[in-house]
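Report on the following structure.
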Amino acid sequence: MSLAAAPASIREPAAGVTLRGLAPIVSPASVVLILGSFPGGRSLELQQYYAHPQNQFWKILQALWPHDPLPMGVDSYQKRSDWLLAHGLGVWDVYAACEREGSLDSAIRAAVPNDIAALHLPKLAAVAHNGGESFKHARHTRTLGVPVYQLPSTSPANASWSFERKLAVWREVFSVHGLV
């Protein structure tokens, strides 16, 4: 489908249009907070974190807990969110809003940061930035007083890292904090 023929709901936003991010998926039991940069176009359209089919986020998490099947399917997002929380994770983004054409982090303009410190996470033991753009905010997340990590991005744009190499780094971080 060409962009000109696409329904308005999935067209790329015009330049200067402010996009709003997603609400955090967290609970008081979240041990590791995974921070992305800002949801891609598909994620914004579906109002779901890591919705692009080529993003390896959910595949990596399933590989970390292979004996606990990740709910899949059209109506499984709430179940996947609950599954994520049950494993001691939380998910949010460093940016609450921005201007961006396309889905690449390099296209983010006029970004407004989320107030990560305002989250009430009494069991928080670490912050894990999913990719380089998110990690640019490590100086802010370090003020939370917990270890801060840069994980390799699960984005399809990070094709230089194999799935196995990404998984090994993610597993190491989660293992340090007793999640795997």
Side-chain angles (χ1 to χ4, degrees), residues 1-27 30 32-61 72-85 89-121 124 127-144 148-161 166 170:
M1 175 186 312
S2 75
L3 187 58
S9 64
I10 61 172
R11 286 188 190 140
E12 292 296 331
V17 173
T18 300
L19 302 171
R20 304 274 174 222
L22 305 176
I25 300 174
V26 296
S27 83
S30 295
V32 174
L33 177 62
I34 302 167
L35 293 173
S37 54
F38 191 79
R42 184 76 173 151
S43 292
L44 290 173
E45 174 190 342
L46 296 176
Q47 291 293 288
Q48 298 180 6
Y49 283 102
Y50 303 102
H52 190 285
Q54 265 52 67
N55 193 296
Q56 296 177 325
F57 178 82
W58 295 106
K59 291 177 188 176
I60 284 174
L61 294 184
M72 299 306 285
V74 177
D75 297 324
S76 66
Y77 184 67
Q78 183 59 52
K79 291 176 186 171
R80 280 185 284 144
S81 298
D82 293 342
W83 183 93
L84 183 140
L85 292 171
L89 302 176
V91 174
W92 206 16
D93 289 307
V94 295
Y95 300 131
C98 69
E99 295 175 9
R100 182 187 64 206
E101 291 186 55
S103 291
L104 294 177
D105 284 349
S106 60
I108 292 173
R109 304 284 180 262
V112 177
N114 271 317
D115 186 1
I116 296 160
L119 291 175
H120 180 66
L121 303 174
L124 186 66
V127 172
H129 290 271
N130 185 357
E133 181 66 26
S134 173
F135 191 69
K136 288 178 181 176
H137 295 270
R139 69 184 180 280
H140 302 295
T141 54
R142 283 190 180 103
T143 65
L144 298 174
V148 174
Y149 302 93
Q150 180 178 0
L151 297 172
S153 175
T154 58
S155 167
N158 185 19
S160 64
W161 282 62
K166 291 176 189 179
W170 281 65

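The shown structure was predicted, so the numbers you read here are calculated from the model rather than taken from an experiment.
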Would you indicate whether the side-chain heavy atoms of P39 and L44 approach each other to under 4.5 Å?
yes
Measuring from F135:CZ to Y149:OH, what's the distance to the nearest 0.5 Å?
11.5 Å
Look at the aromatic rings of F57 and W170 and report parallel, tilted or perpendicular, splitting at 30° and 60°.
perpendicular
Are the side chain of W92 and the backbone of L22 linked by a donor-acceptor contact shorter than 3.5 Å?
yes
Using a 4.5 Å cut-off on heavy atoms from C-beta on, say whether the side chain of V127 contacts that of I116.
no
Worked verdict on Y95 versus I108 for side-chain contact (heavy atoms from CB on, under 4.5 Å)
CA-CA 10 Å; Y95 300 131; I108 292 173; 3.9 Å; yes
Could you tell me the separation between the CZ atom of R100 and the CG atom of L19, rounded to the nearest 0.5 Å?
6.0 Å
In this structure, CD of E133 is separated from CZ of F38 (nearest 0.5 Å) by 12.0 Å
Is a donor on one side and an acceptor on the other found under 3.5 Å between the side chain of S27 and the backbone of L85?
no
Mind listing the closest non-hydrogen atom pair of Q150 and G131 along with its distance?
NE2-C, 3.9 Å
We want to know whether Y77 and Q47 form a side-chain donor-acceptor pair, criterion being a heavy-atom distance below 3.5 angstrom.
no
Side-chain touch N130/L35, heavy atoms, less than 4.5 angstrom:
no
Check: M72 and R80 side chains under 4.5 Å, non-hydrogen atoms
yes
Enter the distance from H52:NE2 to S155:OG here, rounded to the nearest 0.5 Å.
8.0 Å
Measuring from T18:OG1 to R109:CZ, what's the distance to the nearest 0.5 Å?
14.0 Å
Test item: side-chain donor near acceptor, T154 and N55, under 3.5 Å:
yes
In Å and rounded to the nearest 0.5 Å, what is the NE2 to CG distance from H140 to N114?
12.0 Å
Between H129 and T141, does any side-chain donor sit less than 3.5 Å from a side-chain acceptor?
yes
Quick check: do E99 and V17 have side-chain heavy atoms less than 4.5 Å from each other?
no
Is a side-chain N or O of S153 found less than 3.5 angstrom from the main chain of N158, in a donor-acceptor match?
no
Does Y49 reach the main-chain N or O of G36 with its side chain, forming a donor-acceptor pair under 3.5 Å?
no
Using only heavy-atom distances, determine whether the side chains of S37 and D93 contain a donor-acceptor pair under 3.5 Å.
no
With side chains defined as the heavy atoms from C-beta onward, is the minimum distance between S30 and L124 less than 4.5 Å?
no
Closest heavy-atom contact between A107 and E101?
CB-O, 3.4 Å
Main chain of Y50, side chain of S43: is a donor-acceptor contact present, judged purely on distance under 3.5 Å?
yes
